Amino acid sequence: MEKTLAINGGKPVRDRYLPYGQQWIDEKDIQAVVDALRSDYLTTGPKIREFEEKIAAYVGGKYAVAVSNGTTALHAACFAAGIQQGDEVITTPMTFAASANCVLYQGGIPVFADIDPYTYNIDPKDIERKITNRTKAIIPVDFTGQPVDHDAIKEIAEAYGLVVIEDAAHALGAEYKGRKIGSLAAMTEFSFHPVKHITTGEGGVIVTDNKDYYEKLSLFRTHGITRDPALMTKNEGPWYYEQLELGNNYRITDIQCALGISQLQELAGFVKRRREIVRKYNEAFQNIEEIITPYEKEGCHSSWHLYIIQLDLERLSVGRREIFEALKAENIGVNVHYIPVHYHPYYQRLGYKRGICPHAEALYERIITLPLFPKMSDKDAEDVIDAVHKVISYFRK
Ligand SMILES: *Cc1c(COP(=O)(O)O)cnc(C)c1O
């Protein structure tokens, strides 16, 4: 292998850039979308209910409400949980901003609890420390696909009367103590963005066993309007409907759900392939002292949305930025997940200070996300491994 780093003018490990994540669309998916386009319904048709039923059955939940994306799913869940002005909701800073933004949409206040330095998931002990008499809910995030500590979170939620809204955007297909993610929290959100486990282009869903939440989520998705006589205050005739709440148009289309139904058939294979690639990575990196590979907690079956390495910066002659740029020059689509949510200027303007979550903040300085998606070939994975070896060997102290 060429020793000169691409960033120093050497030949890159790969000629073509390898993204960190990507969808896998086959001919069957394309046909499903074409069929939906030829059908009578582009939206509010039968494909939506069918997709919802299949998702609920897959994760072991009773009801599912499919919406326009994962962010609107989280917003709808906060609405259904009754989050309003001044209510506090505890979440992790090591996540995409949407996990906290959904609280702000409802006028609530996101409160950040620190992560466990091994699993990178929200630390139940810090959740408990951050509870006040205004706390109404917890939004734990199954970071990278590894399930959160459900037993501990459930115990806290029950003791303090809090609603658990699980942000499982990374965790479709993951399992906790033998149960699928989606059957454990009061409400669980999944995202169908193209980098996630299955895609509808844009899309999201909330799964719940609670009929009251289900009705609120359904109302919220479509302006707060109902035609269900059981929910209306009166009925003036067959044309009649009522707006009961201030909802929005957060609907997903039949075209998207047709794609989702088709993609769902591949989910088990997608997760299996993600696990295979992770096994390759873990084996290849176990003897590189400068790299800390992801820690898998016993009883947690990750569905591996992301593969994140931690750099032991004391053993390297440069910082994360130089390693990142060198890998990128080798045509490896590296990324950083995530910039702690409270670091963003918007959150800083709201008054959140640096230093409130030391473990998450320290982790942020040392992490790099490597490409991981089921369509990657073995050769793609080997290129990633070669590039990591090349760059780390060069910058080893
Ligand atoms: C992707 C993601 C979301 C939002 O999903 P969208 O479908 O992109 O709106 C929310 N939370 C986390 C942790 C995510 O990764």
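Atoms within each ligand, like the ligands themselves, are counted from 1 in listed order. The model shown is predicted, which means the values in this text are computed figures rather than measured ones.
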query = How about F143 and H337: are their ring centroids closer than 6.0 Å?
reply = no
ask   = Is the NZ or CZ atom of R221 positioned over F79's six-membered ring, under 6.0 angstrom from the centre and within 45° of the axis?
value = no
key: Donor-acceptor pair between T222 and R251 side chains, under 3.5 angstrom   = yes
task = Just jot down the side-chain hydrogen bond (donor to acceptor under 3.5 Å, both in side chains) partners of D26, sequence neighbours excluded, or say none.
result = none
ask   = Between K180 and Y58, is NZ or CZ placed under 6.0 angstrom from the six-membered ring centre and within 45° of the ring axis?
value = yes
I'd like a table of the close N/O pairs between ligand 1 and the protein (anything under 3.5 Å), one pair per line with both atom names and the distance.
residue  : atom   : partner : partner atom : Å
ligand 1 : 5 (O)  : S191    : OG           : 3.3
ligand 1 : 7 (O)  : G70     : N            : 2.8
ligand 1 : 7 (O)  : S191    : OG           : 2.8
ligand 1 : 9 (O)  : N69     : OD1          : 3.4
ligand 1 : 9 (O)  : G70     : N            : 3.3
ligand 1 : 9 (O)  : T71     : N            : 2.9
ligand 1 : 9 (O)  : T71     : OG1          : 2.5
ligand 1 : 11 (N) : D167    : OD1          : 3.4
ligand 1 : 11 (N) : D167    : OD2          : 2.7
ligand 1 : 15 (O) : H170    : NE2          : 2.9
ligand 1 : 15 (O) : K196    : NZ           : 3.0
ligand 1 : 15 (O) : Y338    : OH           : 3.3

key: Ionic contact status for E283 with R279, cut-off 4.0 Å   = no
